[in-house]
Amino acid sequence: MHENNFTVETMISMLEQRDITAPINEECNKFNIKTGDIVIDYGCGSGGYTKKISELLGENGKVYAVDIHELAIESVKKKINKYQLTNVETVLVKNINEIRDTASDVIIAIDMFHMVQDKNVFLKELYRLIKKDGTLFISTHHMTSEEVERIILDSKLWTIQCEIDNCLKCIPLLK
Ligand SMILES: C[S@@+](CC[C@H](N)C(=O)[O-])C[C@H]1O[C@@H](n2cnc3c(N)ncnc32)[C@H](O)[C@@H]1O
C-alpha cells in the first residue's frame, strides 16, 4: 500500500472510532441547522458530522459530504448505506464544480483548515458555494484562533461574527 494511503487509512479508521463516542450531536447544535437546509460538510472525513446533519435536515434538506481523499468518501458511502441516509451526496474535491454556485445555507469545515494547502483559494471556493445569507463554521483545530481569524479576514471575502467553542462563525461579505 502507498504510504500516503496508509496515513489516510489510519486517520479515517481513527475518525470512525471517534464517531462512536464523540459528542457530535451536541456539537452540531451550534450550526443552527434548519429542516430543509443545504449543508456542505467540507473535509467530511468518515462522515460523523455528515450523519448527524443528515438527520437534522429531514428529507427536504441535503448534505454534500466533500473530501479530498477517496477513502473518506468510501467511509461516508458505507454510512449512507448502513443508516439509509437518502439526503447525502458525496463529492470528491476534484469534482467540486458539480456543486453549483451559492448552493449552500451552511458550510462546516471542522478539524481540516490546518490541512488545506492554499487557504486563500479554499476560502474563495467556499465563498462561491455559500448563499448570500449563508453561514460558514471553521474550526480552529491545530491552529490558534488568531491565526485562523487573520487568514479569514485577509481573504476580504468573509467577516467573523463570533467564536463558538472552537469554531469561528463567518458570514460572506457582500455578494
Ligand atoms: C481530521 S479529518 C476531520 C474530518 C471531519 N471534519 C471531522 O471532524 O470528523 C480532516 C479531513 O479533511 C480532509 N481534507 C484535508 N484537506 C482537504 C481539502 N483541501 N479539501 C477537502 N478535504 C480535505 C482530509 O482528507 C480528512 O478527511
Side-chain angles (χ1 to χ4, degrees), residues 1-31 33 37-57 62-80 82-83 85 88-99 103-104 106-130 135-145 147-148 151-152 155 157-158 163-170:
M1 184 187 296
H2 189 277
E3 190 190 332
N4 189 40
N5 236 14
F6 174 75
T7 311
V8 176
E9 194 168 358
T10 306
M11 176 181 68
I12 296 300
S13 127
M14 285 168 71
L15 286 169
E16 283 170 347
Q17 287 306 308
R18 184 223 51 186
D19 290 345
I20 299 166
T21 51
I24 288 178
N25 292 2
E26 292 77 45
E27 285 191 34
C28 283
N29 290 337
K30 64 175 167 258
F31 304 139
I33 286 163
D37 274 353
I38 309 292
V39 178
I40 299 178
D41 181 2
Y42 215 115
C44 58
S46 58
Y49 287 88
T50 300
K51 174 177 176 285
K52 178 59 193 170
I53 292 166
S54 155
E55 290 161 4
L56 291 170
L57 289 175
K62 181 164 190 166
V63 198
Y64 290 101
V66 176
D67 206 280
I68 202 165
H69 286 298
E70 288 274 5
L71 288 172
I73 295 297
E74 280 171 26
S75 175
V76 177
K77 282 183 175 165
K78 278 189 211 146
K79 276 200 173 70
I80 292 174
K82 181 169 178 189
Y83 299 104
L85 307 176
V88 178
E89 184 174 328
T90 56
V91 181
L92 259 175
V93 166
K94 69 176 183 185
N95 301 323
I96 193 68
N97 284 332
E98 287 174 5
I99 310 181
S104 55
V106 177
I107 301 177
I108 66 165
I110 307 301
D111 192 7
M112 62 79 70
F113 194 58
H114 61 290
M115 293 180 167
V116 174
Q117 303 236 316
D118 191 333
K119 294 181 175 35
N120 266 321
V121 169
F122 178 69
L123 289 168
K124 200 170 169 189
E125 183 60 9
L126 301 189
Y127 186 81
R128 178 185 78 78
L129 293 165
I130 199 79
T135 316
L136 163 67
F137 292 87
I138 296 194
S139 84
T140 58
H141 285 89
H142 310 287
M143 296 175 76
T144 64
S145 299
E147 267 179 299
V148 180
I151 297 167
I152 292 171
S155 77
L157 294 172
W158 297 92
E163 182 165 1
I164 311 172
D165 304 327
N166 60 352
C167 259
L168 296 175
K169 180 179 179 187
C170 311

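For ligands, and for the atoms within them, numbers begin at 1 and follow the listed sequence.
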So which of Thr144, Ile152, Ile151 actually passes side-chain contact (heavy atoms from CB on, under 4.5 Å) with Val148?
Ile152
Below 4.0 angstrom from a heavy atom of Gly45, which ligand 1 atoms are there? Numbered from 1 as shown, please.
4 (C), 27 (O)
Identity of the nearest option to atom 23 (C) of ligand 1, non-hydrogen atoms only, from Ile68, Val91, Val121, Ile24
Ile68
Run the numbers for me: atoms of ligand 1, each under 4.0 Å from some heavy atom of Asp111, listed by number.
1 (C), 2 (S), 3 (C), 8 (O), 10 (C)
Please work out, at 4.0 Å between heavy atoms, whether the side chain, the backbone, both, or neither of Asp19 comes within that distance of ligand 1.
neither
Would you say the side chains of Ser46 and Asp19 form a donor-acceptor pair under 3.5 Å?
yes
Atom 5 (C) of ligand 1 - nearest protein heavy atom and its distance
Gly43 O, 3.2 Å
Side-chain contact, heavy-atom cut-off 4.5 Å: Leu92 with Asp67?
no
How close does the nearest protein non-hydrogen atom get to atom 15 (C) of ligand 1, and which residue and atom is it?
Met115 SD, 3.5 Å
Under 4.0 Å to a heavy atom of Tyr49 - the qualifying atoms of ligand 1, by number:
7 (C), 8 (O), 9 (O)
List every atom of ligand 1 that sits less than 4.0 Å from any heavy atom of Tyr42, numbering the atoms from 1 in the order shown and giving each element.
20 (N), 21 (C)
Under 3.5 Å: donor-acceptor pair, side chain of Ser139, backbone of Asp111
yes
Is Met11 close enough to touch ligand 1? Criterion: a residue heavy atom under 4.0 Å from a ligand atom.
yes
Between Tyr42 and Val93, is there a side-chain heavy-atom distance shorter than 4.5 Å?
yes
To the nearest 0.5 Å, tell me how far Asn25 CG sits from Lys51 NZ.
7.0 Å
Flag the pair Lys62 and Asp37 as a salt bridge only when some basic side-chain nitrogen lies within less than 4.0 angstrom of an acidic carboxylate oxygen.
no
Quick one about Thr50 and Asp41 (side-chain donor to acceptor, distance below 3.5 Å, no hydrogens or angles considered), yes or no?
yes
Is the closest N or O pair between Ile110 and ligand 1 shorter than 3.5 Å?
yes
Counting from 1, what ligand 1 atoms have a heavy atom of Leu15 closer than 4.0 Å?
2 (S), 4 (C), 9 (O)
Within a distance under 4.0 Å of any heavy atom of Val93, pick out the atoms of ligand 1 and give their elements.
20 (N), 21 (C)
Phe122 contact mode with ligand 1 (heavy-atom cut-off under 4.0 Å)
neither
For Glu163, is there an ion pair with Lys169 - N to carboxylate O distance below 4.0 angstrom?
no
Pairing donors with acceptors under 3.5 angstrom, does anything connect the side chains of Glu27 and Tyr49?
yes
At less than 4.0 angstrom from any non-hydrogen atom of Arg18, what atoms of ligand 1 do you find?
7 (C), 8 (O), 9 (O)
Considering only protein heavy atoms, which is closest to atom 13 (C) of ligand 1, and at what distance to one decimal place?
Asp67 OD2, 3.3 Å
Quick check on Cys44 - does any of its heavy atoms sit under 4.0 Å from an atom of ligand 1?
yes
Mind running salt bridge (Lys or Arg N to Asp or Glu O under 4.0 Å) on Lys78 and Glu74 for me, showing each step along the way?
CA-CA 6 Å; Lys78 278 189 211 146; Glu74 280 171 26; 5.9 Å; no
Can you tell which part of Gln117 has a heavy atom less than 4.0 Å from ligand 1: side chain, backbone, both or neither?
neither
For Phe113, is the NZ or CZ atom of Lys119 found under 6.0 angstrom from the centre of its six-membered ring and inside 45 degrees of the ring axis?
yes
Mode of Ser139 contact toward ligand 1 - side chain, backbone, both, neither (heavy atoms, under 4.0 Å):
neither
Check each atom of ligand 1 against the heavy atoms of Met112 and keep those under 4.0 Å away; list them by number with element.
10 (C), 12 (O), 17 (C), 18 (C), 20 (N), 21 (C), 22 (N), 23 (C)
Below 3.5 angstrom, do we get any N/O pair linking Val116 and ligand 1?
no
